[in-house]
S.K.: 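Can you keep this structure in mind? I'll have questions shortly.
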2 protein chains.
Amino acid sequence: MTSHIEQLCIEKGLKMTDQRRVVARVLSEATDHPDVEQVHIRAMQIDPNISIATVYRSLRLLEEASIIERLDFGDGRARFEEACERHHHHLIDIQTGEVIEFMNDEIEELKKKIAHDLNYRLIGHRLELYGIKRRPEPEES
Amino acid sequence: MTSHIEQLCIEKGLKMTDQRRVVARVLSEATDHPDVEQVHIRAMQIDPNISIATVYRSLRLLEEASIIERLDFGDGRARFEEACERHHHHLIDIQTGEVIEFMNDEIEELKKKIAHDLNYRLIGHRLELYGIKRRPEPEES
DNA sequence: CTAGATGCAAAGAATTTGCGGCCCC
DNA sequence: GGGGCCGCAAATTCTTTGCATCTAG
């Protein structure tokens with residue numbers, strides 16, 4: 001009944017309304033990285049009257065509470081996923097749009113080191129890879 | 001007289017008009033990463049009649065010819081810089097907006113390796129760091 | 001009753017596009 | 001004199017907001 005994200009909202013003391021619960025549930029159940037329109041469509045399957053404005057407002061609320069993360073894959077639309085303790089990044093298949101998550105400690109360390117060497121303290125960062133699936137028989141090393 | 005970017009355009013056989021020359025020159029002379037409005041303002045200082053639509057069209061032309069690169073620092077506006085052989089990334093000072101370019105071979109290698117391990121061929125990628133300047137007396141390691 | 005949440009439609013912001021006019025080969 | 005380019009303004013797309021209404025405490 002209570003989605004994971006709704007649980008996090010309650011713990012953070014956010015006032016939960018029916019609509020916010022729906023958005024929380026949609027994002028909890030998502031295994032992809034839906035954009036606002038997709039969240040709205042899925043939300044309407046639960047509550048057909050929910051408006052896009054409320055979806056935007058709910059997403060902003062969840063983002064500001066650090067419960068979800070806003071992603072940007074460079075196509076002009078915001079996408080969302082549940083915030084994760086374990087920091088990860090995305091590889092986007094430019095042919096299918098499929099998004100593969102990955103994490104890599106070496107990169108995390110490198111980023112911190114680079115910022116440090118430039119005399120900066122790292123606050124945020126963003127890494128996306130764009131690629132195409134390799135054929136089973138590799139054509140290049 | 002002839003800016004570096006204009007030279008590249010000529011080599012690629014692009015038809016150059018007065019307006020395109022102005023945009024090319026603005027970008028050649030830029031040491032920052034201007035957005036479209038900034039390019040337009042600078043262009044108007046050379047040719048007060050150039051329109052924003054032409055700036056957009058010229059930037060697209062240059063981008064499609066791989067002469068300039070479109071950047072996205074997550075604030076909803078596109079920024080541009082001259083394309084560079086030497087691949088580099090950006091560290092954005094979130095207090096001042098200043099952008100510091102850096103490059104790092106280890107990261108380049110890691111990215112290729114990660115994509116390869118996921119059975120992908122890397123086509124593009126994007127890395128931005130967001131940070132704040134450290135005080136002279138470090139408060140954290 | 002009051003504060004805050006929602007829906008709707010209008011407003012914004014960044015970017016693209018339709019179109020008449022102009023320029024150049 | 002025809003194709004391409006330009007400027008202008010309208011159109012698009014994504015997102016935010018003003019406002020009247022509704023709702024829960």
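As a basis for the values below, the full set of heavy atoms in this structure was taken, side chains included, without hydrogen atoms, waters or symmetry mates. Given the structure is predicted, the values throughout are model-derived calculations rather than measurements. Proteins get letters first, then strands, A, B, ... in listed order; numbering begins at 1 in each.
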S.K.: With a 3.5 Å cut-off and no angle check, do the side chains of B:E81 and B:H88 form a donor-acceptor pair?
M.R.: yes
S.K.: Salt bridge between A:R77 and A:D72, side-chain N to carboxylate O under 4.0 Å?
M.R.: no
S.K.: Is the centre of the B:H125 ring less than 6.0 Å from the centre of the A:Y130 ring?
M.R.: no
S.K.: Kindly say if A:T54 contacts the phosphate of C:dG7, meaning a side-chain N or O under 4.0 Å from OP1 or OP2.
M.R.: yes
S.K.: What is the distance, rounded to the nearest whole Å, between atom CD1 of B:I50 and atom P of D:dG7?
M.R.: 6 Å
S.K.: B:L59 CG to D:dC6 P: how many Å, rounded?
M.R.: 12 Å
S.K.: Rounded to the nearest 0.5 Å, what separation is found between the CG atom of A:L62 and the CD atom of A:E6?
M.R.: 10.5 Å
S.K.: Strictly below 4.0 Å, N to O, side chains only: are B:D105 and B:K111 in salt-bridge contact?
M.R.: no
S.K.: Crowded around B:R21 CZ? As in, over 12 foreign heavy atoms under 6.0 Å?
M.R.: yes
S.K.: Tell me: NE2 of B:H40 to P of C:dT15, nearest whole Å?
M.R.: 13 Å
S.K.: Over 60° means perpendicular and under 30° means parallel, so tell me whether B:F102 and B:H89 are parallel, tilted or perpendicular.
M.R.: tilted
S.K.: Measure CE/B:M44 against P/D:dC8 and give the value in whole Å, please.
M.R.: 11 Å
S.K.: Contact list please: residues 14-32 of chain B against DNA chain D, heavy atoms, distance less than 4.0 Å, in numerical order.
M.R.: B:K15, B:T17, B:Q19, B:R20
S.K.: Rounding to an integer number of Å, can you tell me how far A:D35 CG sits from D:dT13 P?
M.R.: 14 Å
S.K.: Assign a letter to each nucleotide of nucleotides 14-20 of chain D from its 5' end: B, base within under 4.0 Å of a protein heavy atom; S, sugar-phosphate only; -, no contact.
M.R.: SBBBB--
S.K.: Is the closest basic N to carboxylate O distance between B:K113 and B:E109 below 4.0 Å?
M.R.: no
